[in-house]
Amino acid sequence: MRFTVASMTLGFAALAAAQLPAIPIVEAIAPNARSCSDPECRTAAQAAPFIAQAMFDHGIFSVNQMAAIISLMAFESADFAFKRNAFPGRPGQGTANMQMPNFNLKYAKSIDSVRDKVAAIDSVEGLSDQELNNILELVIPDETNFGSGPWFLVNECDPSVRAALDADVDSGFQEYMACVGVEVTEDRLAYLTRAKTAFNIN
């Protein structure tokens, strides 16, 4: 599986034939994901095809946006070791993007195969821990788990964030993290730096 990227000469509105190998890129961003033994974790080789497909499905063909998204998912999931919040173990929080329960409900409602199961749920307010975890279970199969990052950027961040990433990935990352609701730390920047190198972003 490969990442499909937009032509820089034609602009992001047009697709070029450029295809970037997904597995070595994801391995470079999440170096601890070269192997894993826990049933919940995924190697970069296992995750990469789903990530590449999710980028395509959500119309993300910008290497800057891809780098930012994958760096966030790799950081939040500890190199794809977790898909549920393990520390401190917050009910209903998870996916590779470690989304909060309210976003996982919205994400589930966007997925054809599971939206009927959450159609009657309007809000996560007042739900039990088990009910929150039941929603999470709907979105953590591999086919959807690794789509959470692309989905969030496209649907939950202002379009100006994607434009900012395209203009300058470093300053755009600041805006992206503000949308996510987290501080930009050295650890997060380390993932972004590896992502920039993997995608050959100067």
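Formation of a donor-acceptor pair under 3.5 Å by the Asn97 side chain with backbone atoms of Gln99 is not found in this model. Under a 3.5 Å cut-off, the side chain of Ser71 and the backbone N or O of Tyr191 do not form any donor-acceptor pair. With Asn104 contributing its side chain and Ile135 its backbone, the two residues share no donor-acceptor pair below 3.5 Å. For Arg34 (side chain) and Pro31 (main-chain N/O), a donor-acceptor pair under 3.5 Å exists by modelled atom type. Judged by distance alone, the side chain of Lys196 and the main-chain N or O of Ala67 form no donor-acceptor pair under 3.5 Å. In this structure, the side chain of Asn64 engages the main chain of Leu165 through a donor-acceptor pair within 3.5 Å. In this structure, the side chain of Thr197 engages the main chain of Thr193 through a donor-acceptor pair within 3.5 Å. When atom types are taken as modelled, the side chain of Lys106 and the backbone of Phe152 share no donor-acceptor pair closer than 3.5 angstrom.
Contact annotation: the side chain of Ile25 approaches that of Ile29 to within less than 4.5 Å [non-hydrogen atoms, C-beta and beyond]. Side-chain contact between Leu127 and Ile121: present, with at least one pair of heavy atoms (C-beta onward) separated by less than 4.5 Å.
To the nearest 0.5 Å, atoms OG (Ser148) and CG (Asn155) are separated by 12.0 Å. One finds the CD1 atom of Ile111 at 11.0 Å from the NZ atom of Lys117 (value rounded to the nearest 0.5 Å). Rounded to the nearest 0.5 Å, atoms CG (Leu153) and CG (Asp158) are 10.5 Å apart. Between Asn102 atom CG and Glu125 atom CD the span is 8.0 Å, to the nearest 0.5 Å. Separation of atoms CZ (Phe50) and CE (Met1) is listed at 9.0 Å; rounding is to 0.5 Å. Here the CD-SG distance, from Gln46 to Cys36, works out to 5.5 Å after rounding to the nearest 0.5 Å.
Side-chain heavy atoms closer than 4.5 Å link hydrophobic residues (I, L, V, M, F, W, Y) into clusters, and following such links, even through other members, never connects Ile23 to Val26. Under the 4.5 Å side-chain heavy-atom criterion for grouping Ile, Leu, Val, Met, Phe, Trp and Tyr, Met98 is not connected to Phe173 through any hydrophobic cluster. Residues Phe82 and Ile69 fall into different hydrophobic clusters, defined by Ile, Leu, Val, Met, Phe, Trp and Tyr side chains chained together at heavy-atom separations under 4.5 Å.
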Would you check, one step at a time, whether the test side-chain contact (heavy atoms from CB on, under 4.5 Å) holds for Leu20 with Phe199?
CA-CA 8 Å; Leu20 302 178; Phe199 278 103; 3.9 Å; yes
So Met66 and Val5, side-chain contact (heavy atoms from CB on, under 4.5 Å) or not? Walk me through it.
CA-CA 9 Å; Met66 290 179 187; Val5 300; 4.2 Å; yes
Taking it one step at a time, do Thr95 and Phe103 satisfy side-chain contact (heavy atoms from CB on, under 4.5 Å)?
CA-CA 10 Å; Thr95 72; Phe103 294 117; over 6 Å; no
Going through the distances and angles, do Leu192 and Phe75 end up as a side-chain contact (heavy atoms from CB on, under 4.5 Å)?
CA-CA 9 Å; Leu192 179 64; Phe75 174 84; over 6 Å; no
Determine, stepwise, if the pair Arg162 / Glu175 fulfils salt bridge (Lys or Arg N to Asp or Glu O under 4.0 Å).
CA-CA 9 Å; Arg162 297 179 70 182; Glu175 295 190 33; over 6 Å; no
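Smallest separation of non-hydrogen atoms from Leu132 and Pro101: CD2-CB, 3.9 Å. Here the closest heavy-atom approach between residue Ser37 and residue Cys41 is recorded as N-SG, 3.7 Å. Summarising the geometry of Asn145 relative to Ala96, their closest heavy-atom pair is OD1-N, 2.8 Å, with the distance given to 0.1 Å. What you find for Ala30 and Phe80 is that their closest heavy atoms are CB-CE1, 3.7 Å. When every heavy atom of Gly149 is checked against every heavy atom of Met73, the shortest pair comes out as N-SD, 3.6 Å. Heavy-atom minimum distance, Arg115 versus Lys109: NE-O, 3.0 Å.
Aromatic pair Phe61/Phe56: ring centres closer than 6.0 Å.
No option in Asp166, Val154, Ile70, Val161 other than Asp166 meets the side chain to side chain contact (heavy atoms under 4.5 Å, CB included) test with Gln65.
Among pairs with a residue in residues 82-93, those fulfilling side-chain hydrogen bond (donor to acceptor under 3.5 Å, both in side chains) read Glu40-Arg84, Arg84-Glu137, Asn85-Gln93, Arg90-Gln93, at least two apart in sequence or across chains. Note on residues 58-163: pairs passing disulfide (SG to SG under 2.5 Å), not counting sequence neighbours, are Cys157-Cys179.
Residues Glu27 and Arg194 are not paired through a salt bridge, judged by the lack of any N-O separation under 4.0 Å between the basic side chain and the carboxylate.
Classified by interplanar angle (parallel below 30°, tilted 30° to 60°, perpendicular above 60°), the ring pair Tyr107/Trp151 is tilted.
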